[in-house]
Amino acid sequence: MDRQQWRPPIGEVAFGAFRLVPHERALYRHGMPVRLTGRAFDLLVALVERAGTVVGKDELIACVWPRTVVEEGNLRVHIGALRKALGNDQPYVENVVGRGYSFVAPLHPAREPAIVAPHCALLPAQPRLVGRAQVLDHLVRELAGTRLLTIAGPGGMGKTSVAQALAGRAAARFGRHVYVADLAPLADPALLPGAVARAFGLAAPLSAEALAGSLPQALRTGRGLLVLDGCEHLIDAARALATALLGQTRELHLLATSREPLRADGERVFRLPPLAVPAAPVSAHLTTQPPTQFSDPAALGTYPSVQLFVERASADGGFVLDAHNAAAVAEICRRLDGIPLALELAAGRAAFFGVQELARRLSDRFAVLTRGRRTALPRHQTLRATLDWSHALLAPAEQAVLRRLAVFRGSFTAEGAAAVAGCGDFGTPALAGHMGQLAAKSMLAADTDGCYRLLDTTRAYALEQLRAAGEEGAVAERHLRYCCMLLARADRDAGALDAVVQELRLDDVRAALDWAFGPGGAPLLGARLAAASAPLWYRHSMMEDYRARLGPALACATAAGSAGLPLAAALNLALGHTLLHAGEVAAPRAEAFGRALALAERLGDHGAAVRALWGCYADALLQGDYARAFELARRFGPLARAAGMDDGGQAQQRLLARARHYLGDQHAARAHADAVVHPARRAPGAAGFQFDQRVSSLAIHGRVLWLQGMPEQALLAAREGVDEALRLDHSVSLCFALVLAIPVALWSGDLPMARRCIAMMAERAARDRLAHWAFWARAFRAALQRHDGGTDGMGAEMALSAISVNTAEPADALLRHPSCTGLHLDMLPTLHAGLMTPASLARACDGRAGWAAPELLRCWGEQLARVGAGAQAGRVFRQALALAHRQGALAWELRAGTSLAGLLSRQHASGSVDGHGGDAAAVLAPVLARYREGGASRDVITAQACLERCSA
């Protein structure tokens with residue numbers, strides 16, 4: 001029948017898989033009710049009554065909101081809800097741009113539905129499923145290929161809701177024969193056959209066999225689907241009944257929901273997974289645009305867990321996902337493991353607490369996540385009730401294993417489980433059996449890599465059980481000893497560190513240390529763990545968290561007297577390294593490294609001495625004491641070789657490259673850097689020195705290349721170093737790469753790259769609380785602000801007189817900061833002359849500034865020229881030019897030559913000195929001629945412009 005001519009009567013109408021019953025205000029899909037809001041239902045009726053025509057927006061608003069003034073946005077929202085409810089099987093409602101909406105599906109007079117409602121509803125008024133479309137498609141295919149399908153999973157995962165939806169989807173295959181038995185209310189297995197008999201409309205038999213014998217008569221066609229919902233507490237009886245029913249009938253199919261499989265013959269088990277949750281944001285590759293972060297509402301809304309939370313929260317309190325609450329919503333979904341029940345309970349509390357406060361309160365989730373739907377089963381009213389139900393079904397030994405495994409913060413191996421959960425109560429085979437049962441009952445997840453884990457909600461519940469059983473102290477000590485054992489294994493075999501990092505989570509170490517230094521803990525054992533776990537903290541760049549735990553560990557080692565000296569050496573070394581990245585004041589860092597070196601030498605521990613020497617070297621560079629750093633680098637090689645830590649000499653080459661660079665010997669620095677920068681020479685990991693050595697090599701190589709007049713190669717090396725660190729996703733390595741790459745970008749005039757890198761450094765430093773790197777980001781930003789303000793410190797041509805930028809941080813504020821060191825005093829004026837200070841000039845004049853001295857002298861010369869001291873400025877420029885040449889720093893030569901040529905040109909033009917413009921050109925032209933690349937860099941462009949003016 002043509003839809004343009006036929007109009008539905010007031011009664012029922014059918015389209016696609018749907019049946020619309022206006023007088024009941026009901027919409028059915030395959031005989032199952034579809035949940036629609038009142039406004040969306042009214043819109044559907046209005047569109048269906050005018051099917052095939054375009055209904056204007058104003059007309060629709062008048063139909064649905066006859067006595068209310070609403071905006072067009074309200075109409076779009078409810079049209080969207082209607083389209084979502086109708087699904088994507090085929091188009092039903094089309095938008096006609098500029099005119100309105102049209103119902104375009106063919107309409108038919110309603111006939112008797114092909115199926116009837118099940119004899120027993122699965123759950124009354126079930127909400128719409130979210131994020132389960134692919135699961136349902138898969139289950140439909142599974143059900144077609146088996147007679148017994150079990151949907152298994154933890155409590156609250158939505159097994160009942162999925163089974164209900166699956167029964168609706170599959171009902172057409174079974175005609176009128178869809179039967180549902182809710183087993184949750186049954187406390188006695190003997191009641192099971194009676195409950196199933198009632199689902200079939202039969203008199204209750206006395207046994208499963210009697211029920212099986214009567215089914216062929218009940219199933220006149222022999223076809224039917226029986227849903228057994230909630231089998232876990234009657235698992236043996238359910239298995240026996242399923243076996244009997246399937247044996248007596250030919251075409252009866254069984255769909256079971258349970259927290260563990262029935263283990264019946266021919267059973268297929270589908271483990272219902274959680275809804276997908278947002279992962280933590282990842283850093284962007286430097287050479288690409290940053291990815292959309294997971295705090296962005298549009299990206300976040302693609303995750304089913306977020307969709308469910310937002311749908312339920314908006315129904316209860318008008319919640320709208322936006323940029324202000326997106327991060328909190330993502331955190332809630334992650335913390336609740338994507339469990340639908342937990343998300344629904346959380347959404348119900350969002351209006352009361354607000355999502356930010358709700359996210360903070362999830363540490364006490366069992367108190368917060370209450371007040372489920374009144375129509376829900378009692379075990380689904382609160383999160384605690386759900387877990388109480390599951391826990392009660394475990395055997396006592398399984399309960400013991402579960403609560404002891406809760407000490408692990410993340411994944412763990414069978415070895416770890418045996419170490420903390422065995423407790424002498426049962427041997428390894430018995431423990432493996434209990435863990436297998438916990439996995440089968442959906443209380444423990446077994447990953448494909450052989451590891452196990454508890455969902456966060458399950459773990460929180462099990463921890464409560466551990467405390468209630470009085471076992472927390474004993475299990476925590478075993479866990480602490482297990483962590484020490486793993487790290488001792490890595491200490492004996494450097495190649496084992498990566499495996500230990502995979503097996504031992506930092507959260508586990510943190511928990512073990514917190515217990516060790518708490519009331520009733522084991523402080524000496526905790527001090528040993530604090531020292532042994534240093535590589536783990538470095539690997540994760542968690543310096544501030546580590547520093548907070550080193551204080552009580554050092555106190556414990558000191559109290560142990562001479563027996564604690566090796567421990568004190570290791571802990572002082574660790575403290576120095578944490579302060580190198582997370583500290584703001586230099587003195588404690590230098591003292592810690594000095595104590596570590598003295599103790600290591602006293603004990604004859606060459607390995608500890610090498611690491612302490614490296615720390616003293618890094619501190620000397622940062623302080624701007626380049627000569628001392630060079631001497632320490634020279635000492636490093638023999639000591640490292642004696643300790644078997646630098647057989648190829650690469651570590652010393654890296655140290656010498658940096659020391660020579662900062663001393664101002666760029667030719668020697670280049671030779672050392674070239675020796676270690678090739679990828680084939682990459683050292684494994686951080687080699688114990690807290691950041692990746694390949695990144696270190698690339699970074700210093702880029703700096704030396706720039707100073708030697710190769711800006712294009714320098715930028716490539718700088719970008720490669722940053723990208724390498726991003727691939728490693730190691731914050732300390734990334735910050736090290738950035739601290740060397742940002743100057744190259746600013747010197748070259750690549751402000752977009754500098755801006756991206758500074759933002760990246762600031763974000764990482766703030767995220768991981770790395771105070772040292774946060775100050776570097778602040779200092780770099782001060783330089784960038786001056787460049788953005790239109791000044792860059794290259795003589796009168798670059799408007800140095802306009803040095804004050806309102807938004808830029810004053811140089812003296814940076815100078816007064818406790819993190820400011822000699823290296824900062826040398827570095828900052830090279831980035832912008834507006835950051836030149838008397839302290840920087842003093843370092844240049846007395847020879848301490850090393851590599852930066854030519855540029856600092858040039859900046860001083862520009863200041864002299866501006867105040868009219870031209871003769872003195874000329875002498876300073878020539879001094880800078882000569883010093884840069886001796887250092888092999890062609891880039892500083894070019895800057896000094898440009899400044900001197902500009903001064904001479906201005907003096908000749910004013911007649912203040914004898915000579916002509918050719919003298920200025922003679923100064924600059926030979927320097928510029930030595931440049932073989934970088935024609936688009938700022939300094940080369942400025943020099944060429946200056947040379948053209950001098951030659952005119």
Side-chain angles (χ1 to χ4, degrees), residues 120 122 143 146-157 159-160 163 179-200 202 204-215 224-249 252-272 377-380 385-402 426 429-444 446:
C120 177
L122 290 171
L143 189 60
T146 184
R147 294 185 62 201
L148 174 56
L149 175 63
T150 299
I151 301 174
M157 200 59 75
K159 300 183 294 295
T160 295
Y179 309 92
V180 181
D182 180 11
L183 310 187
L186 306 182
D188 185 348
L191 301 176
L192 177 58
V196 174
R198 284 191 296 274
F200 282 102
L202 301 173
L206 297 178
S207 65
E209 290 75 11
L211 173 62
S214 61
L215 276 189
L225 174 64
L226 171 62
V227 181
L228 299 175
D229 185 35
C231 300
E232 56 271 355
H233 62 304
L234 306 172
I235 196 70
D236 292 333
R239 176 172 58 252
L241 179 63
T243 301
L245 293 180
L246 294 175
Q248 291 293 325
T249 59
L252 176 66
H253 288 243
L254 267 63
L255 173 63
T257 71
S258 177
R259 302 188 187 189
E260 63 175 302
L262 302 185
R263 296 188 177 89
D265 291 340
E267 178 188 26
R268 287 192 189 177
V269 179
F270 177 79
R271 294 279 180 181
L272 186 62
L377 295 171
R379 68 178 188 270
H380 287 164
T386 299
L387 288 164
D388 281 341
W389 170 273
S390 297
H391 187 260
L393 298 176
L394 300 178
E398 294 166 0
Q399 292 177 347
V401 172
L402 177 67
F426 26 74
L431 176 65
H434 296 320
M435 291 176 63
Q437 286 296 312
L438 289 172
K441 296 175 181 178
S442 304
M443 297 297 284
L444 179 65

Chemist: Indicate yes or no: at least one non-hydrogen side-chain atom of Asp265 is less than 4.5 angstrom from one of Thr243.
Modeler: no
Chemist: Can you list the residues that meet the salt bridge (charged side-chain N to carboxylate O under 4.0 Å, His left out) rule with Asp236, with sequence neighbours excluded?
Modeler: Arg239
Chemist: Search all heavy atoms of Leu262 against all heavy atoms of Ala242 and return the closest pair with its distance.
Modeler: CD1-CB, 4.3 Å
Chemist: Show your reasoning for whether side chain to side chain contact (heavy atoms under 4.5 Å, CB included) applies to Leu234 and Leu241.
Modeler: CA-CA 10 Å; Leu234 306 172; Leu241 179 63; over 6 Å; no
Chemist: Checking Arg271 now: which residues fulfil side-chain hydrogen bond (donor to acceptor under 3.5 Å, both in side chains) with it, not counting sequence neighbours?
Modeler: Ser442
Chemist: Indicate the atoms forming the closest heavy-atom contact of Gly266 with Thr146, along with that distance.
Modeler: O-OG1, 3.3 Å
Chemist: In residues 184-191, what donor-acceptor pairs under 3.5 Å come from side-chain atoms, sequence neighbours left out?
Modeler:
residue	atom	partner	partner atom	Å
Asp188	OD1	Ala190	N	3.0

Chemist: Between CG of Leu272 and CD1 of Ile151, what distance do you get to the nearest 0.5 Å?
Modeler: 7.0 Å
Chemist: Out of Leu255, Val269, Leu254, which residue meets the side chain to side chain contact (heavy atoms under 4.5 Å, CB included) rule with Leu149?
Modeler: Leu255
Chemist: When rounded to the nearest 0.5 angstrom, what distance separates CE in Met443 from CG in Leu394?
Modeler: 5.5 Å
Chemist: Within a strict 4.5 Å, meaning less than it, do heavy atoms of the Thr249 and Arg147 side chains meet?
Modeler: yes
Chemist: Sequence neighbours excluded, which residues qualify as side-chain hydrogen bond (donor to acceptor under 3.5 Å, both in side chains) partners of Glu267?
Modeler: Thr150
Chemist: Minimum heavy-atom separation for Thr257 and Gly230, please, with both atom names.
Modeler: OG1-N, 2.8 Å
Chemist: Determine the minimum heavy-atom distance between Leu183 and Cys231, stating which atoms define it.
Modeler: CD1-SG, 3.8 Å
Chemist: Side chain of Lys159, backbone of Gly153: donor and acceptor closer than 3.5 Å?
Modeler: yes
Chemist: NE2 of His253 to CG of Leu226: how many Å apart, nearest 0.5 Å?
Modeler: 12.0 Å
Chemist: Taking only residues two or more places apart in sequence, or in another chain, which ones meet Leu393 in a side chain to side chain contact (heavy atoms under 4.5 Å, CB included)?
Modeler: Glu232, His233, Trp389
Chemist: Flag the pair Leu444 / Leu402 as yes when at least one side-chain heavy-atom distance between them is below 4.5 Å, and no otherwise.
Modeler: no
Chemist: Do any pairs count as a side chain to side chain donor-acceptor pair (under 3.5 Å) and have a residue in residues 391-401, sequence neighbours left out, and if so which ones?
Modeler: Glu398-Lys441
